2 protein chains.
Amino acid sequence: MRVLIVEDEPRIAADIRQGLERAGYVADVVADGEAAWFRAETEPYDALVLDLGLPRLDGLGVLRRLRASEIALPVLILTARDGWRERVEGIDAGADDYLVKPFRMEELVARLRAILRRTAGHASPILRAGTVELDTRTRAVSVDGRPTELTALEYRLLSFLLHRPGQVVPAGEVLDHLHGVGTEREANALEALLTRLRRKLGPGVIETRRGLGYCVPAADGP
Amino acid sequence: MRVLIVEDEPRIAADIRQGLERAGYVADVVADGEAAWFRAETEPYDALVLDLGLPRLDGLGVLRRLRASEIALPVLILTARDGWRERVEGIDAGADDYLVKPFRMEELVARLRAILRRTAGHASPILRAGTVELDTRTRAVSVDGRPTELTALEYRLLSFLLHRPGQVVPAGEVLDHLHGVGTEREANALEALLTRLRRKLGPGVIETRRGLGYCVPAADGP
DNA sequence: CTCTGCCTGACGGGAGGCTGACAGGCGCCG
DNA sequence: CGGCGCCTGTCAGCCTCCCGTCAGGCAGAG
């Protein structure tokens, strides 16, 4: 599950991101409405956490544009305590739920899960690739039905790739996700990590496209 | 796809270049407006990443001169965080999109991809020719519905031609786009590459115009 | 027919990726 | 506070396979 967080306050954005990642989501953050609109339009997110009251293009604007483009992305809006007008407008504009700041992380996660369930039907919290299963709620991984323990980094890597089945992800992008943007590191670190992960998962789960990047095969039933 | 990066800060220029090359583009860097203008005018780039605030001839100047010469190159401008005036002027001067510094590499790549698609007149991120499909987001290629693995160079070549359906591209130009300007190479390298690519794609996808160049047939219904 | 431009199979060099070994760092436990 | 594991980045060496080169063949133009 990929979630886009739209929040201009860095501190809050970081909190939300951490909370969501802890809950097993993959989260990206943007800080203004224009960027949010663009990302939501061009990349396959599963939900949007949207702060109203953004610079440039405000949250409601984003929401209206999304709905006008018939992008049926589940949207959870965040509003100030006294912003009941906003809230009404937000719901009118097509938000799926709202949350009043300040809020508890658990509540955000719960509501997000709820609207994901509601709108996406039954998008399973379990990611699969071949014989490998990853439960995003419990963070349990099993191979061939056998429970398998992964380290923190291994889990993040696997989860990251499983969220993008069939997509070839350049190595640099993977590294950025694992360690945050801009952290310089030997490319070899990723290769070493991959070796260790593949040893646990068995062959055929993570493929290498020489010169392009890595990918897990799309799970096409025959 | 060849991109010209115009950025006077070496560090940032290197980052962008690396990011773009990682994403499969061929990128050249120039550091000032005069050089940018010259290169853009004399060589066939597919897009321009243009920092505003350059020495000699500034970014907006470059842009205006380009547009005045009716060079319809897609241009993505980079602006400082607080430079909203610049941004407006940039859009007015004919930029296709802008990005506020600092930015994430992924976003630059995504926006670049978007304006390339937009200006090439493609509505969808999926390029087609006959039975061949190429998804620019996932980098997945399928022929006849069957997923097909291409090498990095094969992918670039196919993507390059698919972006110009119906257009005959001279071999030299293709080579420039694949390897960057000035890399001397036997013409035969391209032919060998084409042979290998055609073997994967099947016949009728990439045609040869003897003495002129290569092209993929425009996808016109009968 | 001839010539030129393009195609194709074979092959070898070299870059990119893999892996086993090792060491530093961090948390955990006694 | 000290010792002990485990995790993870780094290094060096090996291996795979991509791609440029070469030689030879085919076909279209004149």
Side-chain angles (χ1 to χ4, degrees), chain A residues 22 139 141 147-161 168-217, chain B residues 18 21-24 26 139 141 148-161 168-217:
Chain A
R22 197 172 277 160
R139 311 200 134 218
V141 174
T148 305
E149 305 219 343
L150 300 186
T151 70
L153 257 191
E154 286 166 359
Y155 179 88
R156 292 186 75 177
L157 172 57
L158 179 61
S159 156
F160 183 65
L161 292 175
V168 180
V169 189
E173 224 164 281
V174 178
L175 271 177
D176 280 352
H177 175 83
L178 289 181
H179 298 101
V181 187
T183 46
E184 304 277 332
R185 244 169 189 98
E186 291 293 319
N188 206 346
L190 178 58
E191 294 162 13
L193 179 64
L194 262 163
T195 296
R196 291 189 272 254
L197 179 55
R198 287 207 254 236
R199 192 174 301 144
K200 294 184 183 177
L201 301 181
V205 180
I206 301 176
E207 295 181 353
T208 303
R209 298 291 158 80
R210 199 185 174 89
L212 290 173
Y214 300 91
C215 99
V216 308
Chain B
Q18 184 186 2
E21 290 185 342
R22 199 180 273 166
V26 176
R139 298 169 165 251
V141 175
T148 304
E149 303 199 357
L150 301 187
T151 69
L153 212 56
E154 287 165 358
Y155 178 89
R156 272 202 231 161
L157 172 57
L158 178 60
S159 155
F160 177 66
L161 292 175
V168 179
V169 188
E173 206 168 303
V174 178
L175 271 177
D176 277 353
H177 281 266
L178 288 181
H179 296 103
V181 72
T183 46
E184 304 280 331
R185 242 163 190 106
E186 291 291 320
N188 204 347
L190 177 59
E191 295 164 12
L193 180 64
L194 263 163
T195 295
R196 290 188 275 255
L197 179 55
R198 287 208 254 236
R199 190 175 303 144
K200 293 184 183 177
L201 300 181
V205 180
I206 302 176
E207 295 181 352
T208 304
R209 299 292 156 80
R210 195 186 173 86
L212 295 175
Y214 300 91
C215 100
V216 307

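Note that the structure is a prediction, hence the values are computed from the model and not measured. All chains are named by letter (A, B, ...) in the order of the sequence lines, taking the proteins before the strands, and each is independently numbered beginning at 1.
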Residue list, ring pair (Phe, Tyr, Trp, His ring centres under 6.0 Å) with Tyr155(B), at least two apart or on another chain: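 Residues passing ring pair (Phe, Tyr, Trp, His ring centres under 6.0 Å) with Tyr155(B): none at all.
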dG20(D) phosphate, OP1 or OP2, under 4.0 Å from His179(B) side-chain N/O: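 Checking His179(B) against dG20(D): at least one side-chain N or O falls below 4.0 Å of OP1 or OP2.
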Between C1' of dC7(C) and OH of Tyr214(B), the distance in whole Å: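 Distance, rounded to whole Å: 9 Å.
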OP1 or OP2 of dG5(C) under 4.0 Å from side-chain N/O of Thr208(B): no
CG-CG distance between Leu212(A) and Leu150(B), expressed to the nearest 0.5 angstrom: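 One finds 8.5 Å between CG of Leu212(A) and CG of Leu150(B).
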Relative orientation of the end axes in the helix from dC1(C)-dG30(D) to dG30(C)-dC1(D), expressed as an angle to the nearest 10° (five pairs per end):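 Here the helix ends are tilted 30° relative to one another.
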Letter per nucleotide, 5' to 3', of nucleotides 9-15 of chain C [B base touched, S only sugar-phosphate touched, - untouched; heavy atoms, 4.0 Å]: S-----B
Interatomic distance where CG belongs to Leu157(B) and P belongs to dC18(D) [whole Å]: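 Taking CG of Leu157(B) and P of dC18(D), I get 16 Å after rounding.
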Nearest-Å distance for atom pair CD/P, residues Glu207(B) and dC7(C): 12 Å
Result of checking Leu190(A), Val168(A), Val169(A) against Tyr214(A) for side chain to side chain contact (heavy atoms under 4.5 Å, CB included): Leu190(A)
Shortest non-hydrogen separation from Gly204(B) to Pro217(B) and the atoms involved: O-CG, 3.7 Å
Salt bridge (Lys or Arg N to Asp or Glu O under 4.0 Å) partners for Glu207(A), two or more places apart: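 Here the qualifying residues are Arg209(A).
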Nearest-Å distance for atom pair CD/C1', residues Glu149(B) and dC17(D):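 It is 13 Å, rounded to the nearest whole Å.
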Phosphate contact (dC19(D) OP1 or OP2) by Thr151(B) side-chain N/O below 4.0 Å: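 True: Thr151(B) side-chain N/O within range (under 4.0 Å) of dC19(D) OP1/OP2.
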Taking every non-hydrogen atom, the tightest pair across Arg156(B) and Leu178(B):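 Closest approach of Arg156(B) to Leu178(B): NH1-O, 2.7 Å.
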For Thr151(A), all residues meeting side-chain contact (heavy atoms from CB on, under 4.5 Å), sequence neighbours excluded: Leu153(A), Glu154(A), Lys200(A)
Spacing between Leu193(A) atom CG and dG20(C) atom C1', to the nearest angstrom: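 Those two atoms, CG and C1', are 16 Å apart.
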Protein-nucleotide distance (Leu190(B), atom CG; dT8(C), atom C1'), rounded to Å: 14 Å
Atom pair distance, as rounded to whole Å: OH in Tyr155(B) and P in dC19(D): 15 Å
Atom-to-atom span, CD of Glu154(B) to P of dG20(D) - whole angstrom: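 Whole-Å distance recorded here is 11 Å.
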Contacts of type side chain to side chain donor-acceptor pair (under 3.5 Å), residue Thr208(B), not counting sequence neighbours: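 Counting only residues at least two positions away or on another chain, Thr208(B) forms a side chain to side chain donor-acceptor pair (under 3.5 Å) with Arg198(B).
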Inter-residue atom distance Leu161(B).CG - Leu194(B).CG, 0.5 Å rounding: 7.5 Å
Earlier contact from the 5' end, DNA chain D, for Leu153(A) and Glu191(A): Leu153(A)
